[in-house]
**Q** 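Here you go, one structure.
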Amino acid sequence: AQTVTQSQPEMSVQEAETVTLSCTYDTSESDYYLFWYKQPPSRQMILVIRQEAYKQQNATENRFSVNFQKAAKSFSLKISDSQLGDAAMYFCEGVNRDDKIIFGKGTRLHILP
Amino acid sequence: DAGVTQSPTHLIKTRGQHVTLRCSPISGHKSVSWYQQVLGQGPQFIFQYYEKEERGRGNFPDRFSARQFPNYSSELNVNALLLGDSALYLCASSQGQARTNEKLFFGSGTQLSVL
C-alpha cells in the first residue's frame, strides 16, 4: 500500500518570501513518480512540478523546486519569491509503476501582501 | 486551442437518481481520466480511458462506469446516487497512456450535489 501525507493543512507566507510545503510518500516500491499540483479557486488542477524517484537531481521549474529525500520519503515543494497568484491549494501526488495514483489531502497556501 | 471542457459545471440530483457527466479532452489527446474530489480532500482516481478502452480503475463501486467515444470525449455515469457521491468530479486529458510519463491537463470540474 502507498500513502501520501501532507501534514500542513494551511500555511501563510509574506509576498516575495520563500515557503516550503511538506509531503511524505510512503511506498515499498523503489520506482515511482511524484507530482505537485496547484488548485486555485477556479478548481482547475495545474501541474507545478514532477520528480522521478530514480533521479537524484531535484526538479526545478522557475520559482518552484523540490527537495526529494528518498530515504526519508520526503518530497517538499519550495516556492521562492512568492506572488499573490501563488495562493491556492497545493496537492502532492504519488504514482507508482503500475499507474496506481494517490493524492494527499492538500495544503492551503495564503500569500500575505 | 480549447482546454479540457466539462459539462455541466454544476448539477443537483436526489438520492437514487442517475447522473451523466461529460468531458472533452484537448484536441489530439487520446487519454481521459476521471477523479472524484470530496470537499476538503485530495482527488481520488476513478477511471482512465485510452483509445476507447479502460486502462485503469480506482477503488469505486460498480455504480460508477465510464466510456470513451471515437472522438476521445468521455462520459462518467453514476447510478443509484448516494449522499456521499456529492463531490467535484474532475476530468483530465493527456496525449498518451502512461500516467507517469504524461503531463495531465485538467478541466474545471463538475460540482455534483446529491440531496
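Just so you know, these numbers use all the heavy atoms, side chains as well, and skip hydrogens, waters and symmetry mates. Not measured: the values here are computed from a predicted model. Throughout, protein chains are lettered first and strands after them, A, B, ... in sequence-line order, and every chain is numbered starting at 1.
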**Q** As a test of understanding, state which of B/Q36, B/Q37, B/Q111 forms a side chain to side chain donor-acceptor pair (under 3.5 Å) with B/Y89.
**A** B/Q36

**Q** With a 4.5 angstrom heavy-atom cut-off, is it the side chain or the backbone of A/R50 that approaches chain B, or both, or neither?
**A** side chain

**Q** Would you call B/D85 and B/R63 a salt bridge, using N to O less than 4.0 angstrom?
**A** yes

**Q** Contact part of A/E93 toward chain B, heavy-atom cut-off under 4.5 Å: side chain, backbone, both or neither?
**A** side chain

**Q** For each of A/V95, A/I102, A/N96, tally heavy-atom pairs with chain B at distances under 4.5 Å, and name the one with the top tally.
**A** A/V95

**Q** Please state whether the side chain, the backbone, both or neither of A/Y32 comes within less than 4.5 Å of a heavy atom of chain B.
**A** neither

**Q** Which atoms of A/Q39 are under 4.5 Å from chain B, going by heavy atoms: the side chain, the backbone, both sets, or neither?
**A** side chain

**Q** Once ring-ring contact (aromatic ring centres under 6.0 Å, His included) is applied, what residue pairs with a partner in residues 38-58 of chain A remain, sequence neighbours excluded?
**A** none

**Q** Of the listed residues (A/R108, A/E52, A/R43), which shares the most heavy-atom pairs with chain B below a 4.5 Å separation?
**A** A/R43

**Q** Could you tell me if the ring centre of B/F45 sits under 6.0 Å from that of A/F103?
**A** no

**Q** Under a 4.0 Å threshold between the charged nitrogen and the carboxylate oxygen, would B/E51 count as salt-bridged to B/K30?
**A** yes

**Q** Report which part of B/F105 has an atom under 4.5 Å of a heavy atom belonging to chain A: side chain, backbone, both, or neither.
**A** neither

**Q** For A/A59, does its backbone N or O pair with a side-chain atom of A/Q51 as donor and acceptor, under 3.5 Å?
**A** yes

